[in-house]
Engineer: 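Got a structure here, written out as structure tokens. Questions coming.
Just so it is clear, the structure is predicted and the values come from calculations on it, not from any experiment.
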Amino acid sequence: MSSRLVGVGVGPGDPELVTVKGVNALRAADVVVVPVMDTGERGRAEATVLHYVPEDKVVRVVFALNERSDRGRREAAWDAAGATVAGLLERHASVAFATIGDPNVYSTFTYLAQTIAGLVPGVAVETVPGITAMQDLAARSGAVLTEGTEPLTLVPVTAGSAVLKEALAGPGTVVAYKFGRQAAEVAEALQENGRLADAVWGSALGLPEESVRPAAELDGTPLPYLSTLIAPPRRDGGRGGKL
């Protein structure tokens with residue numbers, strides 16, 4: 001039988017937001033891989049996983065998670081991580097990879113799966129969906145992501161503030177991921193497009209250091225890297241006005 005690599009979304013940080021299917025997948029796997037930075041500190045995925053599986057079942061694998069400028073270093077980290085996971089798949093029938101949020105939304109799992117496909121012929125790759133940061137922030141802040149026919153645009157601000165400004169100029173709700181280091185530019189873009197008053201941002205969702213605040217309080221101070229922003233459109237039509 002072929003080996004299985006399962007990407008499991010474990011949510012944005014709150015262990016209670018892992019789905020039942022996600023918990024079952026973590027427990028059913030022979031080993032659970034968690035990504036860590038080369039500095040070695042415990043990340044959100046690992047901390048969440050340890051609520052559901054014993055530590056001796058967890059394998060920590062180093063990824064260059066935030067490396068964007070040094071392509072060579074990033075590729076080397078992916079290759080090394082892929083080789084480690086490929087070795088695990090040679091010895092185990094089922095390997096789970098835990099990723100924050102959802103494995104199909106801006107996840108390290110995407111790159112790992114591509115690497116493994118070339119290293120382990122016949123491997124079966126599956127994913128278990130997870131709750132995303134935008135869903136969690138919407139629930140914690142009371143922000144409504146979409147109504148009626150409104151579109152929803154998700155933008156990683158690591159792509160540059162121009163991409164965010166273009167999205168804010170359009171219709172529907174705009175969600176910005178990873179905007180913490182460009183908080184000043186984000187606040188300016190919200191102001192320019194009349195989106196500041198109703199926008200909210202959050203970081204460390206579900207963790208002791210959680211912060212959920214109105215975007216109007218952004219003062220240009222850099223925020224945690226994994227900060228999330230929700231900027232709804234104007235809704236002046238009353239109940240069902242966007243249908």
Side-chain angles (χ1 to χ4, degrees), residues 7-27 32-67 96-103 105-109 128-145 154 156-158 175-184 186-187 190 198-232:
V8 181
V10 296
D14 183 347
E16 293 185 347
L17 291 181
V18 184
T19 67
V20 173
K21 187 170 184 176
V23 171
N24 288 340
L26 293 173
R27 290 175 173 168
V32 178
V33 173
V34 295
V36 297
M37 293 191 291
D38 52 12
T39 50
E41 71 263 26
R42 179 172 291 171
R44 294 188 195 180
E46 182 178 7
T48 303
V49 164
L50 290 175
H51 279 78
Y52 297 105
V53 301
E55 191 167 3
D56 60 6
K57 187 175 176 175
V58 175
V59 176
R60 309 176 89 233
V61 176
V62 174
F63 284 79
L65 296 177
N66 294 336
E67 180 59 68
F97 180 89
T99 178
I100 60 171
D102 182 277
V105 180
Y106 299 130
S107 170
T108 305
F109 180 74
V128 177
I131 291 173
T132 61
M134 64 177 167
Q135 292 170 287
D136 195 13
L137 178 56
R140 294 177 186 278
S141 67
V144 175
L145 285 170
L154 176 59
V157 181
T158 48
V175 175
Y177 274 3
K178 305 177 183 178
F179 82 92
R181 295 173 184 171
Q182 295 172 269
V186 168
L190 290 169
D198 296 325
V200 295
W201 71 270
S203 64
L205 300 173
L207 303 177
E209 63 272 28
E210 174 182 282
S211 181
V212 176
R213 312 284 295 179
E217 295 182 8
L218 291 172
D219 59 5
T221 302
L223 303 173
Y225 174 72
L226 290 177
S227 295
T228 298
L229 174 87
I230 297 176

Engineer: Which pair of heavy atoms, one from Phe63 and one from Pro35, lies closest together, and at what distance?
Structural biologist: CD1-CB, 3.7 Å
Engineer: Could you grab the distance from atom CG of Leu154 to atom OG1 of Thr132, nearest 0.5 Å is fine?
Structural biologist: 8.0 Å
Engineer: Please check this pair: side chain of Tyr177 against backbone of Met134, looking for a donor-acceptor N/O pair closer than 3.5 Å.
Structural biologist: yes
Engineer: Are the side chains of Leu226 and Arg44 in contact, using a 4.5 Å heavy-atom criterion?
Structural biologist: yes
Engineer: Which heavy atom in Ala45 sits nearest to a heavy atom in Ala98, and how many Å separate them?
Structural biologist: CB-O, 3.7 Å
Engineer: Which pair of non-hydrogen atoms, one from Ala215 and one from Leu229, has the smallest distance, and what is that distance?
Structural biologist: CB-CD1, 4.1 Å
Engineer: Starting at CZ of Arg181, measure out to OH of Tyr225 and round the result to the nearest 0.5 Å.
Structural biologist: 6.0 Å
Engineer: Inspect the surroundings of CD in Glu217 and state if more than 12 heavy atoms from other residues, nucleotides or ligands are less than 6.0 Å away.
Structural biologist: yes
Engineer: Report the distance from atom CH2 of Trp201 to atom CG of Leu218, rounding to the nearest 0.5 Å.
Structural biologist: 7.0 Å
Engineer: Would you call the rings of Phe97 and Phe109 parallel, tilted or perpendicular, where under 30° means parallel and over 60° means perpendicular?
Structural biologist: tilted
Engineer: Side chains of Val62 and Met37: closer than 4.5 Å at any heavy-atom pair?
Structural biologist: no
Engineer: Quick one: are Val18 and Val49 in side-chain contact, heavy atoms under 4.5 Å?
Structural biologist: no
Engineer: Contact between Val53 and Arg27 at the side-chain level, heavy atoms closer than 4.5 Å - yes or no?
Structural biologist: yes
Engineer: How close do Ala199 and Pro232 get, counting heavy atoms only, and between which atoms?
Structural biologist: CA-CD, 4.1 Å
Engineer: Using side-chain hydrogen bond (donor to acceptor under 3.5 Å, both in side chains) as the criterion, list what pairs up with Thr99, not counting sequence neighbours.
Structural biologist: Ser107
Engineer: Drop me the distance from Ile230's CD1 to Ser141's OG, to the nearest 0.5 angstrom.
Structural biologist: 5.0 Å
Engineer: Test: side chain to side chain donor-acceptor pair (under 3.5 Å). Region: residues 8-25. Which pairs qualify, not counting sequence neighbours?
Structural biologist: Asp14-Arg140
Engineer: On a heavy-atom basis, which atom in Gly206 and which in Glu210 lie closest, and how many Å separate them?
Structural biologist: N-OE1, 2.7 Å
Engineer: Heavy-atom distance under 4.5 Å between the side chains of Val128 and Leu26, does that happen here?
Structural biologist: no
Engineer: Please check this pair: side chain of Tyr52 against backbone of Gly22, looking for a donor-acceptor N/O pair closer than 3.5 Å.
Structural biologist: no
Engineer: Given Leu50, which partner from the list Val32, Val58, Val34 fulfils the side-chain contact (heavy atoms from CB on, under 4.5 Å) test?
Structural biologist: Val58
Engineer: Mind listing the closest non-hydrogen atom pair of Asp136 and Pro12 along with its distance?
Structural biologist: OD2-CG, 3.3 Å
Engineer: To the nearest 0.5 Å, how far apart are CD in Glu46 and CD1 in Ile100?
Structural biologist: 13.0 Å
Engineer: Could you give me the CA-CA distance, side-chain angles and deciding distance for Leu205 and Val212, then say whether side-chain contact (heavy atoms from CB on, under 4.5 Å) is met?
Structural biologist: CA-CA 8 Å; Leu205 300 173; Val212 176; 3.9 Å; yes
Engineer: When rounded to the nearest 0.5 angstrom, what distance separates OG in Ser203 from CZ in Arg213?
Structural biologist: 10.5 Å
